[in-house]
Amino acid sequence: MIFDSHAHYNDSAYDTDRAQVLGSLPAAGIGLVMDVGANKASTVAAADLAQQYDFVYASAGFHPSDTEELERGEADIPWLKEAAERPKVLAIGEIGLDYYWPEPDRALQKKWFAAQLELAKELDMPIIVHSRDAAQDTFDMLKEAGGSSLSAVIHCFSYEKEMAARFLDLGYCLGIGGVVTYKNARKLKEVAEYIPLDRLLLETDCPYLTPTPFRGKRNSSLHLPLVLEEIGRLRNCSPREVEEATFENAKRFYRL
Ligand code: NI
């Protein structure tokens, strides 16, 4: 069975057919789905979806690009704590740093990443980290917040092998999805080959990052066999072996 460890079925891309898409997953071998919150509305929507579907779990958090909601006071850490204590909410995330976009400014992203890391520690919950063009600061902040005493996944891992080694040394997992099927994804293919199998989490980040040959279309967990096939090819093992390992890894990571 497949565990999609990072999906956004709460996204408006599924507004017209969400029940149909989610309803089709179990028969296609998708056993479990982590639906990830990224701001106030999606955190509520993810926990609501987890209430409706047995096989869906949720996370609660503010993506670095959405930290302005916290800055403006539309939500705060006590609000997030309550959201994280709803049934079937298993992790804090996605939280982190995104320097690809100039806004919000870095100091503000860091402030709210740190505050959400503190909440994860207080609640003793695993952490889903979003990190883009911010490897060193992400590493430093995770180290500062507790390093190997934290349980974290660097989702949609996009750095080179040397950086992977540093996160792996802290005991963290790396999330890999559709990008690994792209022809020009040389760095990620290297990481997928290099990472110990028990630290690999399979993810879609859907509706984004659809694997080849469907790149550009809306993604869903139904495309994950294409990702398993590519990881199996890179590692010289069967896709089934990757599927079974990543299912167990995600169950262990989310403490199911
Ligand atoms: Ni995401």
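Start at 1 and go down the list; that is how both ligands and their atoms are numbered. In this chain, numbering begins with 1 at the start of the sequence shown.
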F214 and H223 aromatic ring geometry - parallel, tilted or perpendicular at 30°/60° bounds: parallel
Metal check, the Ni ion (ligand 1) vs H63 N/O/S, cut-off below 2.8 Å: no
The Ni ion (ligand 1) to nearest N/O/S of C156 less than 2.8 Å: no
Heavy-atom donor-acceptor pair, T210 side chain to N219 backbone, under 3.5 Å: yes
Vertex the Ni ion (ligand 1), arms to H6 NE2 and D205 OD1, rounded to 10°: 100°
Y53-D35 side chain donor-acceptor pair, cut-off 3.5 Å: no
Between H63 and N39, a side-chain donor and acceptor under 3.5 Å: no
Name, closest N/O/S atom of E94 to the Ni ion (ligand 1): OE2
